[in-house]
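Input: a single structure, listed below in structure tokens.
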Amino acid sequence: MKKTISAIISLAIIFSVVFSFGIIGNADNGTIEGWQVTGGKWTVADDGSLQVVTNDKGAAMNYCIALNDPALSLTGDYEITFEMNAIQSGGRALVNFNSAKKESFSGYLMELGSYGAVYYDIDADIKSSIQLAGSNTMAGVKYEDNKGKPAFNEVKFVRKNGVASVYINGTANYTDYTLVKATHDGTLVLGLESDGSIECAFRNVVIKIGDNEYKYFTVTELPDNSSDTQKPIVSVSQGNEGGCGNNG
């Protein structure tokens with residue numbers, strides 16, 4: 001009887017700690033909802049969003065999580081929508097489409113940082129976003145909400161007939177790029193490169209292939225209609241500096 005009571009008390013303490021921190025699942029080199037953690041530690045918050053736990057003393061650390069479903073291979077035509085933070089400084093949020101491996105960097109890479117959005121055909125070593133500053137690159141990107149927290153941006157990636165287009169918050173950001181080497185069957189990789197501790201999260205990931213829809217890290221909340229602040233461009237990636245992994 002005493003052992004039973006002790007076990008119940010122990011479980012109660014565990015659940016108390018879990019819910020007090022708002023985390024309902026986590027993984028370190030494990031899996032979360034069919035996604036494989038290949039770098040760092042990721043958690044699912046109580047609102048359903050996917051969050052990365054960063055090392056505040058780290059430098060150029062890579063944090064990656066990959067869709068790990070053999071039955072769901074990104075090939076041919078498809079559409080992916082999701083929401084992600086825009087990183088102001090000290091790092092860059094990364095999304096690899098058609099990644100040939102389960103960690104960055106492969107396939108078609110989207111990089112969202114303080115300079116706006118930049119794109120790479122990573123396997124071909126091509127920076128496909130030819131304008132790295134100005135309204136075209138910055139179109140639609142939000143950095144802070146009305147509470148000074150990292151703002152979520154809705155991203156839609158469309159691949160059709162070997163051509164890639166990206167829309168941020170409903171605004172065309174970079175469109176009609178013909179994929180060079182990011183054409184293999186692959187997976188979706190979410191990631192972060194950071195110098196120090198940075199907040200980064202992804203949510204409401206939806207993959208559409210034909211008539212089929214696959215949803216992950218779904219969050220339901222009222223839209224934030226407050227005025228968001230757009231940060232000025234503070235740096236511009238040039239040449240082969242940063243973001244590619246294989247060249248700095």
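Sequential numbering from 1 along the given sequence is applied to the chain's residues.
Using a 4.5 Å heavy-atom threshold, the side chains of Thr183 and Lys181 count as separate. Counting only heavy atoms from C-beta outward, the side chains of Lys127 and Val118 approach each other to under 4.5 Å. Residues Met84 and Val95 are in side-chain contact: their nearest non-hydrogen atoms beyond the backbone lie under 4.5 Å apart. Proximity of Leu192 to Leu94: side-chain heavy atoms (C-beta onward) are nowhere separated by under 4.5 Å. Residues Leu188 and Asn96 are not in side-chain contact: their nearest non-hydrogen atoms beyond the backbone lie 4.5 Å or more apart. Between Lys208 and Tyr78, every side-chain heavy-atom pair lies at or beyond the 4.5 Å cut-off. At a threshold of 4.5 Å between non-hydrogen side-chain atoms, the residues Thr43 and Ile32 do not count as touching. Using a 4.5 Å heavy-atom cutoff, the side chains of Phe105 and Asn62 are in contact.
Annotation: cation-pi pair Lys156/Tyr167 present, NZ/CZ under 6.0 Å from the ring centroid and within 45° of its normal.
Connection of Met110 to Tyr174 is established within a shared hydrophobic cluster, with ILVMFWY side chains joined at heavy-atom distances below 4.5 Å, either directly or through further cluster members. Hydrophobic clustering (ILVMFWY, side-chain heavy atoms < 4.5 Å, transitive): Tyr214 and Leu67 are in one cluster. Residue Val44 is grouped with residue Leu190 when hydrophobic side chains (ILVMFWY) are merged at heavy-atom distances under 4.5 angstrom, including chains of intermediate members. Clustering ILVMFWY residues whenever any of their side-chain heavy atoms sit less than 4.5 angstrom apart, transitively, puts Leu72 in the very cluster that holds Ile65. In the hydrophobic clustering of ILVMFWY residues, with side-chain heavy atoms under 4.5 Å counting as a link, Val180 and Val158 come out apart.
Residues Asp121 and Ala182 share a closest heavy-atom pair of OD1-N, 3.3 Å. Residues Val206 and Lys215 approach most closely at CG2-CG, 4.0 Å, considering heavy atoms. Nearest approach of Ala164 to Leu179, heavy atoms of both residues: CB-CD2, 3.9 Å. Smallest separation of non-hydrogen atoms from Ala86 and Val141: CB-CG1, 4.1 Å. Scanning both residues, Asp47 and Val219, for their nearest heavy atoms gives O-CG2, 3.0 Å. The heavy-atom pair separating Ile87 from Ala93 by the smallest distance is CG1-N, 3.6 Å.
Side-chain contact, Asn204 with Thr218: no donor N or O sits under 3.5 Å from an acceptor N or O. Asn85 and Tyr143 form no side-chain donor-acceptor contact under 3.5 Å, judged by distance and modelled atom types alone.
Between Glu79 and Arg159, none of the side-chain N atoms (NZ, or NE/NH1/NH2) sits under 4.0 Å from a carboxylate O, so this pair counts as no salt bridge.
Remark: the backbone N or O of Arg203 is not paired with any side-chain donor or acceptor of Ser49 at under 3.5 angstrom. Distance alone, capped at 3.5 Å, is enough to place a donor-acceptor pair between the Asn98 side chain and the Leu74 backbone. Within the 3.5 Å criterion, the main-chain N or O of Glu154 finds a donor-acceptor partner in the side chain of Asn169. No donor-acceptor distance shorter than 3.5 angstrom exists from the side chain of Asn161 to the backbone of Val163, with no hydrogens or angles considered. Proximity of a side-chain donor or acceptor of Ser165 to a complementary backbone N or O of Asp176 within less than 3.5 Å is detected. Put simply, the side chain of Thr75 never gets that close to the backbone of Asp185: no donor and acceptor are under 3.5 Å apart.
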* Taking it one step at a time, do Phe82 and Phe217 satisfy ring-ring contact (aromatic ring centres under 6.0 Å, His included)? -> CA-CA 9 Å; Phe82 54 91; Phe217 313 117; over 10 Å; no
* **Verdict with reasoning, Tyr119 to Asn173, per side chain to side chain donor-acceptor pair (under 3.5 Å)** => CA-CA 10 Å; Tyr119 306 94; Asn173 193 274; 2.8 Å; yes
* Can Asn68 and Lys102 be said to form a side chain to side chain contact (heavy atoms under 4.5 Å, CB included), step by step? -> CA-CA 8 Å; Asn68 190 34; Lys102 289 184 171 61; 2.7 Å; yes
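Trp35 CH2 to Leu50 CG: the interatomic distance, rounded to the nearest 0.5 Å, is 7.5 Å. Distance CD/Gln36 to SG/Cys64: 11.0 Å, rounded to 0.5 Å. Residue Glu193 holds its CD atom at 13.5 Å from OG1 of Thr54, rounded to the nearest 0.5 Å. Expressed to the nearest 0.5 Å, how far CD1 of Ile209 lies from CG of Asn212 amounts to 7.5 Å.
When ring centroids are compared, Trp42 and Tyr63 stay outside the 6.0 Å threshold.
Ring orientation note: the planes of Phe97 and Tyr108 are tilted relative to one another, at an angle of 30° to 60°.
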